Amino acid sequence: MTLVVKISSGLGNQMSQYAFGQMLKHIYPEADVRYHIACERQIHNGYELARIFPNIEIDEASKAELRSFGIIERCRRLSKIGRLIMKHKYIRQEYTTCYPVDERVWHLDIKRDYYFQGTWHNYDYSDILPRLRELFMFDISDNTAIDSWVEKIRKDNSIAIHIRRGDFVKLGYAICTDDYYKRAIAMIEVKVSNPHYFIFSDDTEYAKELFCFIENKDIVTGNIGEKSYLDMYLMTQCKHNIIANSTFSYWAALLNENEGKIIIRPKMQTPERESWETKGIIKI
């Protein structure tokens with residue numbers, strides 16, 4: 001039984017797809033789990049997992065395996081003819097706001113091979129979460145420039161706020177409203193003494209205007225392009241997280257190992273099965 005998971009899009013989605021492959025290996029231990037790396041360089045920062053997480057091992061699908069699924073390697077996609085050839089081998093998760101769980105995953109025919117395309121976000125990874133945290137260990141050895149941020153974040157009652165706009169606005173995706181962030185901050189003010197907010201966004205001018213009423217805050221800048229993952233790392237170091245409807249801040253919160261963390265997340269991310277520990281999670 002060979003299971004091939006497509007790796008594509010930005011860092012957060014790549015992490016969800018890789019975690020999905022690890023979950024498949026956990027559910028079907030006799031299966032050979034492979035990955036099809038199909039990240040276009042012009043989209044976000046291309047394939048990033050191996051560069052950012054040195055503990056990760058990617059077992060790539062061979063060209064022969066990809067051909068068996070009808071994949072045309074030169075354009076890194078599934079051909080229409082290939083889909084007809086594959087029939088039941090192809091499982092695609094539809095892209096919707098809530099990334100619903102595809103129940104077919106739990107009932108695979110062990111005599112077949114399968115190719116998986118999707119984000120595979122918000123699955124129940126709780127059984128393998130300790131392992132995922134080991135695999136998603138950041139390599140920040142060459143980034144001493146963020147040391148001052150790390151020191152400040154660890155010293156304060158730090159709250160990471162992530163605002164995802166940029167491509168979401170351009171593509172017309174749903175985004176978290178100003179009201180969501182204001183209500184989240186109001187909750188933090190009740191639950192956390194002397195909070196210090198660290199704001200991460202791809203639209204810093206918007207963030208400055210939105211959070212002008214907060215005195216005790218820092219807007220983190222400078223981590224762009226191939227260094228944008230440093231924002232995710234810094235968010236994992238905060239004591240609490242207010243996240244966007246984005247896999248980028250989702251994984252930052254999930255990798256946050258602060259025992260008493262409070263995670264505030266939008267209700268638009270409410271799938272049937274998800275990887276959150278229930279303690280400390282607030283959906284608004």
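This is a predicted model, so every value here is computed, not measured. Values below: every heavy atom of this structure, side chains too, minus hydrogens, waters and symmetry copies.
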> Is the shortest heavy-atom distance from the side chain of Q237 to the side chain of W149 under 4.5 Å?
Replying inline: no
> Would you say the side-chain atoms of S249 pair up with the backbone N or O of A252, donor to acceptor, closer than 3.5 Å?
Replying inline: no
>> The criterion is side-chain hydrogen bond (donor to acceptor under 3.5 Å, both in side chains); which residues satisfy it with D59, sequence neighbours excluded?
In response: R34
>> Could you check whether any side-chain heavy atom of M15 comes within less than 4.5 Å of a side-chain heavy atom of F136, counting everything from C-beta outward?
In response: yes
> Taking all atoms of both residues into account, what is the closest heavy-atom pair of F213 and I185, and its distance?
Replying inline: CZ-CD1, 4.0 Å
>> Using a 6.0 Å cut-off, check whether atom CD1 of I58 has over 12 heavy atoms from anything other than its own residue.
In response: yes
>> Before you tell me yes or no, could you show the steps for L254 and L129 under side-chain contact (heavy atoms from CB on, under 4.5 Å), namely the whole-Å CA-CA distance, both residues' side-chain angles and the distance that decides it to 0.1 Å?
In response: CA-CA 9 Å; L254 199 60; L129 187 55; 3.9 Å; yes
>> According to side-chain hydrogen bond (donor to acceptor under 3.5 Å, both in side chains), who are the partners of S62, at least two apart in sequence or on a separate chain?
In response: E65
> Checking side-chain hydrogen bond (donor to acceptor under 3.5 Å, both in side chains) for the pair D231/N223: CA distance, chi angles, key distance, verdict?
Replying inline: CA-CA 6 Å; D231 274 359; N223 299 325; 2.8 Å; yes
> Can W251 and T236 be said to form a side-chain hydrogen bond (donor to acceptor under 3.5 Å, both in side chains), step by step?
Replying inline: CA-CA 8 Å; W251 278 105; T236 70; over 6 Å; no
> Does one side chain, of H36 or Y115, offer a donor that lies under 3.5 Å from an acceptor on the other?
Replying inline: yes
> Could you walk me through whether N256 and N241 pass the side-chain hydrogen bond (donor to acceptor under 3.5 Å, both in side chains) check?
Replying inline: CA-CA 9 Å; N256 182 343; N241 300 75; 2.8 Å; yes
> Do you know which two heavy atoms are closest between A207 and I163, and how far apart they sit?
Replying inline: CB-CD1, 4.0 Å
>> For a 4.5 angstrom cut-off between non-hydrogen side-chain atoms, does T119 reach T247?
In response: no
> Do you know which two heavy atoms are closest between Y181 and H162, and how far apart they sit?
Replying inline: OH-O, 2.6 Å
>> With a 3.5 Å distance limit and no angle check, can you tell me whether R164 reaches the backbone of C176 through a side-chain donor-acceptor pair?
In response: no
>> If I compare all heavy atoms of D139 with all of P54, which pair ends up nearest, and what's the gap?
In response: CB-CD, 3.6 Å
> Would a hydrophobic clustering, with Ile, Leu, Val, Met, Phe, Trp and Tyr connected at side-chain separations under 4.5 Å, put I140 with M137?
Replying inline: no
> Given Y47 and I7, is the side-chain contact (heavy atoms from CB on, under 4.5 Å) satisfied, shown in steps?
Replying inline: CA-CA 8 Å; Y47 174 62; I7 301 287; 4.1 Å; yes
> For the side chain of S158 and the backbone of K239, is there at least one donor-acceptor N/O pair under 3.5 Å apart?
Replying inline: yes
> Where does the angle between the aromatic ring planes of Y35 and Y18 fall among parallel (under 30°), tilted (30 to 60°) and perpendicular (over 60°)?
Replying inline: parallel
> Among all residues two or more places apart in sequence or in another chain, which pass the side-chain hydrogen bond (donor to acceptor under 3.5 Å, both in side chains) test with Y206?
Replying inline: D178
>> For the backbone of P266 and the side chain of N245, can you confirm whether one donor and one acceptor N or O come within less than 3.5 Å of each other?
In response: no
> If only atom types and distance count, is the side chain of K6 paired as donor or acceptor with the main-chain N or O of G118 below 3.5 Å?
Replying inline: no
> Does I264 reach the side chain of I262, with side-chain heavy atoms less than 4.5 Å apart?
Replying inline: yes
>> Please enumerate all residues that pass salt bridge (Lys or Arg N to Asp or Glu O under 4.0 Å) together with D127, with sequence neighbours excluded.
In response: none
>> Give me the atom names and distance for the closest heavy-atom approach of C238 to A160.
In response: SG-CB, 3.6 Å
> K227 side chain to I224 main-chain N or O, any donor-acceptor pair under 3.5 Å?
Replying inline: no
> Which atom names give the shortest non-hydrogen contact between I243 and A253, and what distance separates them?
Replying inline: CG2-CB, 3.8 Å
> Within a reach of under 6.0 Å around CG of D109, are more than 12 heavy atoms found that belong to other residues, nucleotides or ligands?
Replying inline: yes
>> Could you go through R133 and E257, starting from their C-alpha distance and side-chain angles, then the distance that decides it, and tell me whether this counts as side-chain contact (heavy atoms from CB on, under 4.5 Å)?
In response: CA-CA 9 Å; R133 283 175 170 159; E257 297 191 59; 4.0 Å; yes
> Under 4.5 Å between any side-chain heavy atoms of E48 and F53, yes or no?
Replying inline: no
> Quick one: are M23 and I128 in side-chain contact, heavy atoms under 4.5 Å?
Replying inline: yes
>> The criterion is ring pair (Phe, Tyr, Trp, His ring centres under 6.0 Å); which residues satisfy it with Y233, sequence neighbours excluded?
In response: F138
> Are F248 and M235 side-chain neighbours, meaning at least one heavy-atom pair lies under 4.5 Å?
Replying inline: yes
> Can you find a heavy atom in the side chain of E57 that is under 4.5 Å from one in the side chain of L135?
Replying inline: no
>> Quick check against the 3.5 Å criterion: does Q22 have a side-chain atom that pairs as donor or acceptor with the backbone of L132?
In response: no
>> Considering only residues two or more places apart or on different chains, which pairs with a residue in residues 147-162 satisfy salt bridge (charged side-chain N to carboxylate O under 4.0 Å, His left out)?
In response: K152-D218
